[in-house]
Structures are given as structure tokens and as C-alpha cells.
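Before I ask anything, here is the structure I am working with.
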2 protein chains.
Amino acid sequence: MRKEQSTNYENRQKIIAACPISYTLSLIEGRWKPMILHQLFSGISRYSEIKKAISIITERMLTAELKELELRGMIHRKSHEEAMLKVEYGLTERGESLRPVFQQLWQWGKSDRTTSAAFTKS
Amino acid sequence: MRKEQSTNYENRQKIIAACPISYTLSLIEGRWKPMILHQLFSGISRYSEIKKAISIITERMLTAELKELELRGMIHRKSHEEAMLKVEYGLTERGESLRPVFQQLWQWGKSDRTTSAAFTKS
DNA sequence: CCGTATCCTTCCCGATACTG
DNA sequence: CAGTATCGGGAAGGATACGG
């Protein structure tokens, strides 16, 4: 299921093992994961609500990103037995511990945007 | 030079514009960038020294990552005219402002590794 | 010493259609 | 409502050789 042989993969693992910063980032990594986590930090928890909050995301990506966040131990899934058509996601203790980190990343982004003339995409 | 048409690219831009966290992460993003920045924060500045510190990186990737960090305004390049064979990189004010962010990411990574049983790569 | 230039592989992510 | 399955494009990144 995963090519253990590719140098691409190996390098990634070595960096994650060697550098706590890359390690932390590897748990957040992914196109939609930061936004999804931000929704959860904001109190939104239902699948359909996250979907509505991030309107341009596809079902496939939302499901995939949620599943990966669950695998990484950042969130947990809770499907209500009484109403099968309701699924809620919540932060684990590990995920919750990221809150100050996200706050700081948020702050830095906000202030950098006001102070830096332009953001030239590389 | 860049496909402005791909939804992939468009989504990326929309997220960066909408979410300060994704915006911040977009400036750090890249296989080797966090490690490279960490070297600079640690006082290492010469190309050859960074190369030695991150032994498994290829010249191509080191050069490319450094160039992108320069484009993003995080570092500046200084080639010594007297000795053309010596190039030093330094943090810009913008890059320096990331130091507390990196410290926190470092801290979180360190403590998470000790508290979480295992890191199951997704 | 500090890069460039090519080529090629891997894998992320979007589109679309379908399901209990 | 909350997913799954399959397909395909393209960007990121690695190997290798060459250059001032």
C-alpha cells in the first residue's frame, strides 16, 4: 500500500524523525487540514457543517482529510446510533493541545499580511 | 510559467487568502525548508555548512529550497565578492519574526513525541 | 564551492459517478 | 446525510551529469 522503497518517502521519514518542527508540520499537513482543524477549534463539529463552512471542498477530500486527521490522532469520529445520518467530529486531547500553536500561526499570518507589502507566491 | 487554470492551484490560493494559518504554513512549506530555516536560526549560514548539516539533501533541492525561501522574503543571499566561492544566507526581518513560531512548533513536537505512544504515519 | 540542466518517478488532489 | 470507488492530470521531488 505504500512504496517503502522510494527515496521520496524515505527522506520524508528521516526528516520527520530528525526535526521536531517537520514532525509537527507533518501532522497538520494537507490541503484542507488546517482549515478543518480551525473549524473544529471554532466549535463546528458536524460533517455537514464543516462541508458548508468550507464550501469549495469536495466530499472526497473532506472525508479523506478527516480520516487522516483521525489516523494521526488529532480528532475522533462519533456517529450517533439513534440518528445514523449524523456524524460529529471532535478534537482529541492531542488535537486540543495544538490550539495555542494554531493561535500563534494565526497571529503571525495576520500580522505578516499587514506588514509585508505583498505576498509573492513562489 | 504557471497554470492559472488548474483548480488545484486556484483552491490553494483561495485557502491561503482565506485562512491565516494556511497562509503562514504556505511560507514554510516544502520538504527541506523547515530544516533549512532551523539551521539558519541556529547560526549556520554558509551553503556548504547547511549542506553538511543536512547531509542527505541533494544540491538541486538545497538550491531550489533556498531560492524559494528567498522569493518568499524569508532569507537573503549574500555572495562575497572577494571570495566568489563563498555564499552566505541570512534571515530577513520577516524570517527572523518566525523564530518564536518555530520555537513553539519545536516544543510541541518534542513534547508530543514523549507523550504520544506512537506516531503512525498516515 | 556553488550551483544548473534534464529526465523521470511518486503521489497529491480534483472530477465524477455511485451507495446505505 | 455521509460517505466510496475509480480515473487522470500535474506538481513536487529525486538521480545524475555538467559548468563557472
Side-chain angles (χ1 to χ4, degrees), chain A residues 1-16 22 25-26 28-36 44-70 75 77-89 121-122, chain B residues 1-16 22 25-26 28-36 44-52 54-70 77-89 121-122:
Chain A
M1 43 185 59
R2 180 169 285 283
K3 304 283 179 48
E4 308 289 350
Q5 258 36 11
S6 82
T7 312
N8 192 345
Y9 175 78
E10 282 173 12
N11 279 348
R12 184 192 170 87
Q13 293 311 110
K14 281 177 189 163
I15 292 170
I16 290 173
S22 299
L25 294 177
S26 76
I28 302 173
E29 240 174 24
R31 172 69 44 98
W32 306 96
K33 289 188 189 71
M35 275 196 112
I36 291 172
I44 290 181
S45 58
R46 290 200 54 185
Y47 180 95
S48 56
E49 284 170 352
I50 302 171
K51 175 92 182 68
K52 200 164 58 180
I54 312 176
S55 54
I56 54 173
I57 196 173
T58 62
E59 310 263 342
R60 161 159 147 56
M61 285 313 294
L62 180 51
T63 304
E65 297 282 84
L66 284 167
K67 195 172 292 181
E68 279 191 20
L69 282 172
E70 198 184 4
I75 67 175
R77 204 189 94 111
K78 180 173 37 181
S79 79
H80 297 252
E81 303 305 328
E82 347 81 55
M84 289 291 283
L85 301 182
K86 181 175 179 180
V87 176
E88 280 189 320
Y89 290 89
K121 176 71 195 65
S122 68
Chain B
M1 44 184 62
R2 179 169 285 283
K3 303 284 179 50
E4 308 290 349
Q5 257 36 9
S6 82
T7 313
N8 191 343
Y9 175 78
E10 283 172 13
N11 279 350
R12 183 191 169 88
Q13 293 312 110
K14 280 177 188 161
I15 292 170
I16 290 173
S22 299
L25 294 177
S26 75
I28 301 172
E29 239 174 24
R31 172 70 42 100
W32 307 94
K33 290 190 190 67
M35 274 198 114
I36 290 171
I44 289 181
S45 58
R46 288 201 57 185
Y47 180 94
S48 56
E49 283 170 352
I50 301 173
K51 175 90 181 68
K52 200 164 61 181
I54 313 175
S55 55
I56 55 173
I57 197 173
T58 62
E59 310 262 343
R60 160 159 148 57
M61 286 312 294
L62 180 51
T63 304
E65 298 282 84
L66 284 168
K67 195 173 290 179
E68 278 190 20
L69 282 172
E70 198 183 2
R77 204 189 93 111
K78 180 173 37 179
S79 80
H80 297 253
E81 303 306 328
E82 347 82 54
M84 289 290 283
L85 301 182
K86 181 175 178 181
V87 177
E88 281 189 321
Y89 290 89
K121 176 69 195 67
S122 67

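Note that this is a predicted model, so its numbers are computed, not measured. Each chain gets a letter, A, B and so on, in the order the sequences are listed, and its residues count up from 1.
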Heavy-atom side-chain contact between B:Tyr89 and B:Leu69 under 4.5 Å = no
Taking the side chain of A:Leu85 as its heavy atoms from C-beta onward, which of D:dG14, C:dC11, C:dG20 lies nearest to it?
-> C:dG20
Assign each of A:Glu59 and A:Asn8 to its nearest nucleotide of DNA chain C by heavy atoms, then name whichever residue's nucleotide is nearer the 5' end.
-> A:Asn8
Return no unless some side-chain N or O of A:Ser79 is found under 4.0 Å from OP1 or OP2 of D:dA2.
-> no
Mind calculating the distance between NZ (B:Lys51) and C1' (C:dC1) to the nearest angstrom?
-> 12 Å
Just how far, in rounded Å, is P of D:dA11 from CG of B:Asn11?
-> 14 Å
Give one of base, sugar-phosphate or nothing for B:Arg60, where a contact means two heavy atoms less than 4.0 Å apart.
-> base
So, is B:Lys67 near the phosphate of C:dT4, with a side-chain N or O under 4.0 Å from OP1 or OP2?
-> yes
Gap between atoms CD and C1', on B:Gln13 and D:dA11 respectively (whole Å) = 14 Å
Go through D:dT4, D:dG13, C:dA15 for me and flag the one nearest to the B:Glu65 side chain.
-> D:dG13
Could you tell me whether A:Lys52 contacts a base, only the sugar-phosphate backbone, or nothing, with contacts defined as non-hydrogen atoms closer than 4.0 Å?
-> nothing
Taking CG from B:Leu62 and C1' from C:dT4, how many angstroms apart are they, rounded to a whole number?
-> 14 Å
Decide yes or no for A:Arg31 and B:Asn8: does some side-chain heavy atom of the first lie under 4.5 Å from some side-chain heavy atom of the second?
-> yes
Decide yes or no for A:Ile56 and A:Trp32: does some side-chain heavy atom of the first lie under 4.5 Å from some side-chain heavy atom of the second?
-> yes
Nucleotide C:dC2, atom C1' - distance to CD of B:Glu70 in whole Å | 14 Å
Select one nucleotide: of C:dG3, D:dG13, D:dG3, the one nearest the side-chain heavy atoms of B:Tyr47.
-> C:dG3
Interatomic distance, A:Met61 CE vs D:dA2 P [rounded to whole Å] = 19 Å
Just by distance, do the side chain of B:Thr7 and the backbone of B:Glu10 share a donor-acceptor pair under 3.5 Å?
-> no
Taking the side chain as C-beta and beyond, is there a heavy-atom pair between B:Ile54 and B:Ile50 under 4.5 Å?
-> yes
Contact under 4.0 Å: A:Arg46 side-chain N or O vs D:dA2 OP1/OP2 = yes
What about B:Arg31, does its side chain sit under 3.5 Å from the base of D:dG13 through a donor-acceptor pair?
-> no
Taking only side-chain nitrogens and oxygens of A:Ser48, does any of them come within less than 4.0 Å of OP1 or OP2 of D:dA2?
-> yes
Ignoring backbone atoms, establish whether B:Tyr89 has a side-chain N or O less than 4.0 Å from OP1 or OP2 of C:dC2.
-> no
Taking only side-chain nitrogens and oxygens of A:Thr7, does any of them come within less than 4.0 Å of OP1 or OP2 of D:dG13?
-> no
Are the charged groups of B:Glu70 and B:Arg77 less than 4.0 angstrom apart, N to O?
-> no
Rounded to the Å, how far apart are A:Ile57 CD1 and D:dC1 C1'?
-> 16 Å
Distance, rounded to the nearest Å, where A:Glu88 contributes CD and D:dC1 contributes P | 15 Å
